[in-house]
2 protein chains.
Amino acid sequence: MQNSKVAESIFSQHDHQHCIDQALAAAKELCRQRKSRLTPVRERVLELIWQSHLPLGAYQLLNQLSQEGFNSAPPTVYRALDFLLDHGLIHRIASLNAFIGCNCPQDQHHGYFLICRDCGSAQEIEAEEISSFLRQNASAAGFKVETETVELSGLCPQCQNRSQQDDQ
Amino acid sequence: MQNSKVAESIFSQHDHQHCIDQALAAAKELCRQRKSRLTPVRERVLELIWQSHLPLGAYQLLNQLSQEGFNSAPPTVYRALDFLLDHGLIHRIASLNAFIGCNCPQDQHHGYFLICRDCGSAQEIEAEEISSFLRQNASAAGFKVETETVELSGLCPQCQNRSQQDDQ
DNA sequence: TCCAAAACGCAATGTTATAACACAATTGTA
DNA sequence: TACAATTGTGTTATAACATTGCGTTTTGGA
Ligand SMILES: [Zn+2]
Ligand SMILES: [Zn+2]
Ligand SMILES: [Zn+2]
Ligand SMILES: [Zn+2]
């Protein structure tokens, strides 16, 4: 965790093609290093997930895949998602049953998310402090944490402004 | 949040009948105050949820209800669950698609959970520090938190001991 | 007693995820 | 290159979770 990208807000306008390019490049490099195969389906699913910062459901991905001539049965997309999850290239958002790209797949980590209920965007936020804080709380109960699900839903800066304007 | 019950670990052996009695009594009192109707289905669903500290899925509840002569279609149990959720008598655990009783429904709060992957028990943990910490982190990104999903999965004290013994 | 709102019964359907098994592609090895 | 083992994919079916719509019953209050 922690490179300069992480701090950038995805809620504001930004060069999203850069997000995509970087994610795809990182994925290819990672798979090369690990001698894992980023097959066409897997790569395409990752691209589809990165088309925006909106978490996508498996069946949304499935629809898009099938329109592109890929085979379109649930196992196809779930297998691709499993692969991407295993390699940390995406995260699953439990409260939405949806999947989102990870912008720092190099280092193993849990995903912590800010999810806007209005525009739907999900931003992954910095982890170390949160993780240590939560683990500290858990260990007070003698509990050994293995996986962490932290998903905060609410309003992003943009949508707060928008709803204020609407009030007027 | 915050009465003496909260700190007690549900992972160790305890007088669980006391948990049940207290939860049911609190529910009745709360509904009385709010002039809400804790109907037979709703009460029975709450009892079923409290039969242990294992989060239960809607269809597990449905099976048990039907064996008791209650109507057994999904909407029945989901409506009861919605009622109980609305009144804070239970929490939904997103990472499990399951429901668990709340031991302090008096005050409105989010549920933070320690979930043992071995025995399946889920313990709700104290909230205020976690909540303020998370909100602080979120507000640094200009994000306004409304709902919080915090679910830590791992090994409870008991199951840590057990797996150590198994290793020998 | 009558009414409106709340709760419930019921059937169908929608959504998310996995099981099981056959076949194809890839990789490492002799 | 042959060939076995592994890994990935196609396909069908089904499990698991959740909601919609509509009509009937119950309930509490005017
Ligand atoms: Zn972007
Ligand atoms: Zn937003
Ligand atoms: Zn108990
Ligand atoms: Zn346990």
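Chain identifiers are assigned alphabetically (A, B, ...) following the order of the sequence lines, protein sequences preceding nucleic acid strands; residue numbering begins at 1 within each chain.
Atom CG in A:Leu62 sits about 16 Å away from atom P in C:dG14, given to the nearest Å. Taking atom CG on B:Leu81 and atom P on D:dC17, their separation rounds to 12 Å, with Å as the unit. Per the geometry, CG belonging to A:Leu65 stands 10 Å off P belonging to D:dG10, to the nearest Å.
For B:Leu62 against B:Ser72, the heavy-atom pair with the smallest separation is CD1-C, 3.7 Å. What you find for B:Leu48 and B:Leu56 is that their closest heavy atoms are O-CD1, 3.5 Å. B:Gly101 approaches B:Glu124 most closely through the heavy-atom pair O-OE1, 4.4 Å.
Between A:His87 and A:Arg34, the side chains place a donor N or O and an acceptor N or O closer than 3.5 Å (distance only, hydrogens not considered).
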Detail all sub-3.5 Å separations between protein N/O atoms and N/O atoms belonging to nucleotides 10-13 of chain C.
{"residue": "C:dC10", "atom": "OP2", "partner": "B:Asn71", "partner atom": "OD1", "Å": "3.4"}

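In this structure, B:Val150 and B:His110 have side chains that are not in contact, with every pair of non-hydrogen atoms separated by 4.5 Å or more. For the pair A:Arg37 and A:Phe83, the minimum side-chain heavy-atom distance is 4.5 Å or more.
Within a 6.0 Å sphere centred on CD of B:Gln13, heavy atoms belonging to other residues, nucleotides or ligands number 12 at most. Environment of CD in A:Glu146: crowded, with over 12 heavy atoms of neighbouring residues, nucleotides or ligands closer than 6.0 Å.
For DNA chain D, the residues of residues 27-58 of chain A within the heavy-atom distance limit of 4.0 Å (strictly under) are A:Arg37, A:Thr39, A:Val41, A:Arg42, sorted by number. Across residues 82-96 of chain A, not one residue has a non-hydrogen atom less than 4.0 Å from an atom of DNA chain D.
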Check step by step if side chain to side chain contact (heavy atoms under 4.5 Å, CB included) holds for A:Ser153 and A:Ser95. CA-CA 9 Å; A:Ser153 181; A:Ser95 59; over 6 Å; no
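Put simply, A:Asn97 has a side-chain N or O that comes within less than 4.0 Å of OP1 or OP2 on C:dA17.
Centroid-to-centroid, the aromatic rings of B:His14 and B:His16 come within less than 6.0 Å.
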